[in-house]
Every structure is written in structure tokens, then in C-alpha cells.
Protein chains: 2
Amino acid sequence: MLEKSHKHITCSTCVGRKNSLLGSLCHDEIDHVNAHKACNYYKKHQSLFLEGSFPRGVFCINEGMVKIFQRGDEGKEQIIHIAKTGEMVGFRSMFSETPYRVAAETLEESNICFISKEDFLNMMDSNPVLRNGIIKELSRELSDRADFITNMAQKSVRERLAFTMIILLDIYEKEPINLSREDLANFVGTATETLIRLLKDFKEEGIIEVHTRKISVLNKEKLFAIAGK
Amino acid sequence: MLEKSHKHITCSTCVGRKNSLLGSLCHDEIDHVNAHKACNYYKKHQSLFLEGSFPRGVFCINEGMVKIFQRGDEGKEQIIHIAKTGEMVGFRSMFSETPYRVAAETLEESNICFISKEDFLNMMDSNPVLRNGIIKELSRELSDRADFITNMAQKSVRERLAFTMIILLDIYEKEPINLSREDLANFVGTATETLIRLLKDFKEEGIIEVHTRKISVLNKEKLFAIAGK
DNA sequence: TTGAAAAAATGACCTTTATCATATTTCAAA
DNA sequence: TTTGAAATATGATAAAGGTCATTTTTTCAA
């Protein structure tokens with residue numbers, strides 16, 4: 001349970017920041033961000049931004065988890081990414097100066113800071129390390145999305161589920177995976193019913209263990225084998 | 001038919017460059033690139049780079065067309081993007097300093113120049129307009145790929161074919177679409193046979209006209225309607 | 001111009017996965 | 001603790017689309 005009254009998070013001691021894109025900031029810059037940023041406590045299922053709205057800055061996740069998704073024609077969500085502590089969210093559309101094509105929503109209660117577009121762009125102009133970090137990050141994500149597309153196009157739902165669980169293993173680290181069946185289905189790109197049936201298979205094959213909604217992976221190797229490399 | 005003996009293309013008069021990311025270069029910079037770049041004539045189906053190799057620079061398409069694709073587990077290609085005159089190819093992995101996760105191959109005979117990593121990174125350091133153009137481009141492509149993923153996950157093959165043809169309409173402009181059935185299938189993300197059957201449907205519905213492998217769109221509106229906005 | 005190879009097209013069949021209906025479990029508020 | 005709503009689970013069915021076999025057309029080099 002997060003401290004709901006915690007109104008200010010200090011950048012210099014922020015655990016998330018150290019390994020984040022903002023890890024390269026010098027003291028002065030950190031102080032500046034710290035003074036100008038806004039901190040917010042978000043409840044579960046609260047929206048950071050919606051598709052179609054215009055970016056006014058970037059979000060830094062101090063603590064918590066955020067899903068990035070698109071709504072398809074029939075309103076079904078496709079989850080593109082799940083961001084966690086230390087990640088920054090919402091800067092992609094900001095650079096392209098176009099409305100968000102994805103939406104972002106917390107998956108659990110979270111502490112998230114906000115840095116205005118102006119402040120952030122200024123920092124980028126004056127800090128080559130930050131700038132290069134961003135370019136690197138954008139490139140890395142482009143590669144990931146190419147993989148995502150190829151998987152979607154060529155792999156079965158079972159294979160994609162295995163692949164997705166490997167990604168989630170990385171995100172949840174030691175914790176069991178804690179997503180609704182619907183969100184999981186929307187990440188894999190399948191119907192909720194199909195996903196549930198496949199989870200049952202995995203359970204019967206001893207690959208996972210399920211406690212209500214929480215999923216623990218028992219056999220990572222088998223997941224890799226199913227995901228295909 | 002391109003001039004095969006044409007060994008040097010001059011940047012300052014390059015038609016492609018004007019609207020490209022390199023449009024912002026000043027005279028000195030253009031001269032520098034011009035002196036340091038390498039020009040090459042590529043035959044149809046020639047490789048620019050392979051998955052797994054390390055980027056040593058960027059490719060500028062002076063004339064021609066290049067497919068960017070990944071090979072899935074069974075060797076089936078998934079086309080991620082088709083680049084044409086004025087586009088730059090291969091800089092994504094260069095920034096992330098990782099091996100290429102996609103491959104690039106000409107779809108037709110092409111004139112393509114090569115700028116070394118060193119030269120290109122130097123230009124980026126000294127040219128904020130170029131730098132910001134790149135960041136904008138990377139962001140734009142990230143959005144496109146999110147759409148691609150959602151389409152792949154939620155749309156039928158028929159809808160995806162319509163969507164893909166709209167993209168190809170943009171790429172081929174006034175020219176008829178000139179791709180093998182296999183490449184088209186690999187862009188849509190389906191089996192070649194399924195694609196051929198759907199093309200037949202489109203033909204019977206008066207949406208397209210086919211002359212051997214070349215496809216002309218007769219009814220763009222209908223394509224939009226099928227693609228779903 | 002022709003003949004062989006590649007590409008495109010068609011047919012039959014079967015698997016995967018979505019959809020719809022319904023039952024069961026879980027959870028949180030009263 | 002109860003209760004109703006939401007989430008999860010299961011079953012039956014249908015449709016979309018993949019696969020394999022075969023035929024027809026196109027292409028290109030000799």
C-alpha cells in the first residue's frame with residue numbers, strides 16, 4: 001500500500017530515476033526538475049492520458065505500473081507495453097508533435113511525477129547524454145515492436161502467450177504476474193476465453209501455478225521452448 | 001531503367017534529399033557528406049544488410065525501393081516497412097548499438113548511398129535540426145508500429161489487406177502497386193494463397209484492377225471503408 | 001521462339017481460434 | 001455475513017484462414 005498522502009517525491013533520492021533515462025542528470029538539473037515537476041498519487045485504473053489528446057509533458061513512474069494501449073475499432077484494447085518503476089511514459093508523441101495514438105492507465109496504485117514539455121525539451125537540448133539515451137531508447141523500442149509485429153503475424157496464440165509471459169516475468173521480477181485475464185488477453189492479442197483455456201493447458205503441463213488471478217511461472221525453460229527461441 | 005554506370009550521385013542536386021531528413025543540411029555539411037559517402041547501384045533483390053550483422057552506417061535511397069523485414073522461425077518473412085526515394089534506412093539499430101534485428105533488400109533496381117556511422121553521428125551532434133528530425137521520425141514510426149500491432153491483433157486479413165493497400169498507394173503514388181504476391185502476403189501477414197483469394201474478391205468487387213502482378217486501385221473509398229477508417 | 005523454372009491461381013480439407021451462451025467463483029460494499 | 005456485480009471458467013458451435021496438392025500462367029534465359 002502506497003502512502004497516499006505522500007505529496008512530494010524527491011528526485012535526488014528517487015530509486016526509479018537511478019536506472020532510468022534521467023540517471024545522467026547532474027545535481028543542478030536534478031534540482032531544477034525537482035522544483036518544477038508535479039507529483040501525483042494515482043489509484044488503480046486511473047488514466048494518465050487518452051488517445052487523441054495532446055502531450056504536455058512526460059510522466060516518470062516513481063512507483064507502480066502503467067499499461068500503454070490502443071483501442072481498436074470495436075473498443076477492444078491492444079496493450080502495446082507495460083511500464084514500471086523508473087520508466088518514462090508519454091514522450092513519443094511529444095516529439096512527433098501529434099496527438100497521442102495510445103492511451104496510458106495505471107494497473108495498480110502508483111506514484112507518478114510529471115515534467116512539462118518545455119522543461120524536458122530544455123534538458124534534452126543541454127544534456128547530450130540524456131538526448132542520446134532517448135534516441136537509443138526509441139530505437140530499442142522500434143526493434144521490440146518489429147518483433148511484436150512478426151510474432152503477431154506468424155505465431156500461434158499459444159506461442160504468443162509464452163512469449164508474453166517471458167516479457168511479464170521481466171516486468172514482475174520475483175513477484176507473481178498480477179494482471180486481469182482480460183488485460184493478459186489484450187496483451188497477447190486474443191480473446192479472453194481463448195487465453196483462459198491456454199492458461200489451463202499451461203497449468204496442466206506444470207508450466208505455471210495459479211492463485212486466483214496471480215500467475216507464477218514454474219518452468220521458464222518450457223516457456224522459452226514454446227515461445228520459439 | 002536506371003543508369004548502371006552512374007557511379008556518383010551529387011548530394012546537392014539529389015531529388016530525394018530535399019524532402020528527407022537530410023534536407024536541413026547546410027552547404028558545408030552537404031559538401032562533406034558528398035565527399036565522404038559511397039554510391040552504389042543495386043540490382044533487384046539485392047541485400048543492404050542482414051539480420052544479426054552490425055550497423056556501420058546509414059543508407060540513403062536516391063532512387064528505388066527497399067523492403068525492411070524480419071524472418072520468423074520458419075523462415076517466412078514479415079515485411080515491417082517499405083522505404084523509397086528520399087528515405088534513410090538502417091539508422092535505428094545504429095543508435096541502439098545492437099545488431100540489426102531486421103534485414104533490408106531492394107525490391108527493384110536502386111541507387112543507394114552510404115554514410116558511415118562516424119560521419120553521421122558527427123553531423124547529428126553538430127546539427128540540432130537533423131537531430132530533432134531523427135527523434136521526430138523515430139517517434140512517428142513508433143506510433144505507426146503501434147497501429148500495425150493493433151491491426152494485426154484485431155483485424156481480419158481482408159481488413160488488413162485494405163489497410164496495407166492504402167499504405168502502398170502512398171508509396172507507389174500514381175504508379176500501380178508492383179509487388180510479388182508473396183511480398184504482399186508477407187506485408188499483410190497472411191498466407192500467399194489467402195492473399196490471392198482476397199485479391200480476387202477485391203477484383204470482383206471492382207476495388208482493384210490487376211494486370212499480371214501489377215495492381216491498380218479503382219476505388220480508394222471502398223478500401224478505406226473495409227480497412228475501418 | 002521455346003522450354004524450364006518461378007510465380008500465381010484454384011480446390012479440398014482441416015486446424016485454430018473467435019463467438020455466444022451459460023455457469024461458477026471471487027471480491028468488495030452494504 | 002450477505003449479496004450483487006464483476007471476473008473467471010467452461011461448453012458448443014461456427015467461421016476464418018492455414019496447409020497441401022495440383023493446375024495454370026508468366027517470366028526469362030538459352
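Chain naming here is simple, since letters A, B, ... match the order of the sequence lines and numbering starts at 1 in each.
- For DNA chain D, the neighbouring residues in residues 184-199 of chain A, judged by any heavy atom under 4.0 Å, are A/Glu193, A/Ile196, A/Arg197.
- Spacing between atom CD of A/Gln154 and atom P of C/dT17 amounts to 14 Å, rounded to whole angstrom units.
- The distance between atom NZ of B/Lys43 and atom C1' of D/dC28, rounded to the nearest whole Å, is 15 Å.
- Taken from CG in A/Asn186 to NZ in A/Lys76, the straight-line distance is 4.0 Å, to the nearest 0.5 Å.
- Ionic pairing of B/Lys84 and B/Glu87 is not present here: no N-O contact between side-chain nitrogen and carboxylate oxygen is shorter than 4.0 angstrom.
- When all heavy atoms of A/Leu50 and A/Tyr100 are compared, the pair lying nearest together is O-CB, 3.6 Å.
- Going from atom CG of A/Asn178 over to atom P of C/dC27 covers 11 Å, rounded to whole Å.
- Not a single donor-acceptor pair under 3.5 Å links the side chain of A/Glu175 to the backbone N or O of A/Tyr172.
- When rounded to the nearest whole Å, the span between CZ of B/Arg160 and C1' of D/dG18 equals 12 Å.
- Distance CE (B/Met152) to C1' (D/dA16): 16 Å, rounded to an integer number of Å.
- Applying the 4.0 Å criterion to OP1 and OP2 of C/dA9, one finds that B/Lys200 has every side-chain N and O outside that range.
- Within residues 201-215 of chain A, the residues that have a heavy atom under 4.0 Å from DNA chain D are, in order of number, A/Arg213.
- Remark: the A/Lys37 side chain and the A/His8 side chain contain an N/O donor-acceptor pair separated by less than 3.5 Å.
- Rounded to whole angstrom, the span from the CD atom of A/Glu159 across to the C1' atom of C/dT15 amounts to 14 Å.
- A distance-only check finds a donor-acceptor pair linking the side chain of B/Arg160 to the backbone of B/Val188 [under 3.5 Å].
- Separating the CZ atom of B/Arg181 from the P atom of D/dT27 is a distance of 11 Å, rounded to the nearest angstrom.
- Ring-plane geometry between A/Phe49 and A/Phe59 is classed as tilted, the angle between the planes lying from 30 to 60 degrees on a 0 to 90 degree scale.
- The existence of a salt bridge linking B/Arg197 and B/Asp201 is excluded, since no basic side-chain nitrogen approaches an acidic carboxylate oxygen closer than 4.0 Å.
- Note: CD (B/Glu74) to P (D/dT19) measures 8 Å, nearest angstrom.
- Salt bridge present: B/Glu77 and B/Arg71 bring a charged side-chain N and a carboxylate O closer than 4.0 Å.
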